[in-house]
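Heads up: the structure comes next, in structure tokens.
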2 protein chains.
Amino acid sequence: MNAINFAELKALQSQPTPKTSCANCSMHALCLPMGLEPSDVEKLDQVIGRRRRVKRDEFLYKRNDPFRNLYAIRFGHVKTYHVNAAGDAQITGFQMAGDLLGMDAISGAHHCDAVALEDSEVCEIPFARLEGLFSEVPALLRHFHRTMSQEIMREQNVMLLLGNMRAEQRFAVFLVNLASRYAMRGYASTCLQLRMSREEIGNYLGLTIESISRLLSRFKSLGLLQVDKREIRLLDLAQLKSLAAGMDSSN
Amino acid sequence: MNAINFAELKALQSQPTPKTSCANCSMHALCLPMGLEPSDVEKLDQVIGRRRRVKRDEFLYKRNDPFRNLYAIRFGHVKTYHVNAAGDAQITGFQMAGDLLGMDAISGAHHCDAVALEDSEVCEIPFARLEGLFSEVPALLRHFHRTMSQEIMREQNVMLLLGNMRAEQRFAVFLVNLASRYAMRGYASTCLQLRMSREEIGNYLGLTIESISRLLSRFKSLGLLQVDKREIRLLDLAQLKSLAAGMDSSN
DNA sequence: CGGGCCTTTGAACACGTTCAACCCATGTGG
DNA sequence: CCACATGGGTTGAACGTGTTCAAAGGCCCG
């Protein structure tokens, strides 16, 4: 796979900062405008609100905020999480550039919190205006439905992970999945710069921080990866994939 | 809450079998036509395909079936589940009358299996025709988006359940949730006729059949419920709710 | 150099699983 | 009619995975 780094590409070909628009956003091939005609992309651009910077640890939205916008990440990383009555959190997803957030809130208000894992920038997409565009641009509506559908699939996969995988397999799935998402975005997929802490990974995977630490040590000693703080170099992706698929493990 | 049994009501008021349509379906207040004008309900009726009977243990759809239809349950119960590479299943949901199935497949093909838990009947909703109706009936599109959004929320709640609840709390959540869904449908909410086996409950909750059995015994001995095979009578809903919320448990 | 934060590692523990036996209701064949 | 098999459910005992608790290490920034 010829890994092209879209972000670098963009930086190379355009010294003068381009107008912020979908057409020249490095994520247009993954994000909402995916597959649209240029004229339709322009209409989408009209609809999209301001670009918004979110600093590390700042909220993108909070539980019970009224639903007004969807958010598309331009760059950076975000986590979404639920807090239960007892006060402990469950992280429901890590989102990166090109991902769409907030679809769980369409029925009324936001039911989870969204916080930036690093300084990030998002496109605010006023949902009322987007709805107005749906009748005009059927391809956009179709793509929107596919996106929601994929979000449902993603969550079902997490249910699978939490419901019947052991710790080792969960962590392998996490790593392989992260690698493939970076690959789709043209980033090096064997050298992950984790944006989240061990604790956040553990929370997402239904494990403790200690378990994550032990798994990293085990995988390291098995020669599957190298660890240096939050940089993880995947050395044996094939083996990791077979662990993620539930094969062998201890033979 | 004045529990009206819609199914019985319908049976009483119409000895001659009425034409099968959304307008006189007992689930119209919960299902796709929810909140639509009568004229729009009629349009929806035009779009909906045949009603289809599914016997107990028969497939409604299978993994890799091409996506053509959504399904609304008229009566009966269905389970959806994923099968992983190793061959074991994870049940991702139990659906009942008024529920909509198949939204995870919009992006292409079905990714899970759907099987009837008892003899059931569903409305086949050809998605292409439904899409055609969206531009004509904006209220339908809005409701469809809310429905997908709610499905995302439901799955996030399962992630919460599987990710950071102990067995006791999981099972309490399961019972309370089931009771509330029956209540919404006008059925007695304190006397549950389970349509699924202990094994299926356990699978859904990430537990074993033995754990479910033990939990039932424990709850019984605590005076929270009575059990007779698959009939469960909830005796202390308040206490069950507080267990489900993560309160006390052992004091 | 000190303090704070994140991480790693070790040891004891606990929750839920696994394995096994048994119960009970239902259905089937001799 | 009984004998027997089958499938779902319950209960007990031993086990194991991952947690909890605790201590120590590494790193950053003041």
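Below, each value reflects all heavy atoms present in this structure, side chains not excepted, and no hydrogens, waters or symmetry copies. All values derive from a computational prediction rather than experimental measurement. The chains referred to below are lettered A, B, ... by the order of the sequence lines, with proteins before strands, and numbering in each begins at 1.
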Polar pairs (N or O, both sides) under 3.5 Å between protein and nucleotides 26-30 of chain D?
none

Practice problem: Flag yes if more than 12 heavy atoms outside B:Arg233 fall under 6.0 Å of its CZ atom; otherwise flag no. | Solution: no

Quiz item: For A:Glu124, does the CD atom have more than 12 heavy-atom neighbours from other residues, nucleotides or ligands under 6.0 Å away?
Solution: yes

Taking side chain to side chain contact (heavy atoms under 4.5 Å, CB included) as the definition, give me every residue that meets it alongside [X], ordered by chain and number, with sequence neighbours left out.
X	value
B:Ser107	A:Arg146, A:Ser149, A:Gln150, A:Met153
B:Ala72	B:Cys31, B:Leu100, B:Cys123, B:Ile125
A:Ile152	A:Gln156, B:Met103, B:Asp104, B:Met148, B:Glu151, B:Ile152, B:Glu155
B:Leu30	B:Met27, B:Arg185

Quiz prompt | Salt bridge present between A:Arg53 and A:Glu121 (N-O < 4.0 angstrom) | solution = yes

Residues 218-230 of chain A side chain polar contacts: donor-acceptor under 3.5 Å, at least two apart:
residue	atom	partner	partner atom	Å
A:Arg218	NH1	A:Glu168	OE2	2.7
A:Ser221	OG	A:Arg218	O	2.8
A:Arg230	NH1	A:Arg195	O	3.3

Quiz item: Which atom names give the shortest non-hydrogen contact between B:Val176 and B:Ala244, and what distance separates them?
Solution: CG2-CB, 4.2 Å

Exercise. Name the first nucleotide and the last nucleotide along DNA chain C (5' to 3') that come under 4.0 Å of a heavy atom in chain A.
Key: C:dT7 to C:dA11

Exercise. Taking salt bridge (charged side-chain N to carboxylate O under 4.0 Å, His left out) as the test, write out the residues that go with A:Asp113, two or more places apart.
Key: none

Practice problem: For each nucleotide in nucleotides 17-23 of chain D, reading 5' to 3', give B when a protein heavy atom comes within less than 4.0 Å of its base, S when such contact involves only the sugar-phosphate, and - otherwise. | Solution: SSBBB--

Integer-rounded Å distance: [N] [atom2] and [X] [atom1]:
X	N	atom1	atom2	result
B:Ile209	D:dT11	CD1	C1'	12 Å
B:Glu200	D:dG8	CD	P	9 Å
B:Met196	D:dG9	CE	P	12 Å

Practice problem: Describe, in one word, how the ring planes of B:His110 and B:Tyr61 are oriented to each other, choosing from parallel (under 30°), tilted (30 to 60°) and perpendicular (over 60°). | Solution: parallel

Exercise. Please give the angle, rounded to 10 degrees, between the axes at the start and the end of the helix from C:dC1-D:dG30 to C:dG30-D:dC1, where five pairs define each axis.
Key: 20°

Output side-chain donor-acceptor pairs under 3.5 Å for residues 88-95 of chain A, partner residues at least two apart or in another chain, one line each.
residue	atom	partner	partner atom	Å
A:Asp88	OD1	A:Asn84	ND2	2.6
A:Gln90	NE2	A:Asn203	O	3.4
A:Thr92	OG1	A:Thr80	O	3.2
A:Thr92	OG1	A:Thr80	OG1	3.1
A:Gln95	NE2	A:Thr80	OG1	3.2

Quiz item: A:Arg51: what forms a side chain to side chain donor-acceptor pair (under 3.5 Å) with it, not counting sequence neighbours?
Solution: none

Quiz item: With a non-hydrogen cut-off below 4.0 angstrom, is B:Arg230 in contact with a base, only sugar-phosphate, or nothing?
Solution: sugar-phosphate

Practice problem: Identify whether any heavy atom of A:Ser213 sits under 4.0 Å from a base atom; if not, whether one sits that close to sugar-phosphate; answer base, sugar-phosphate or nothing. | Solution: base

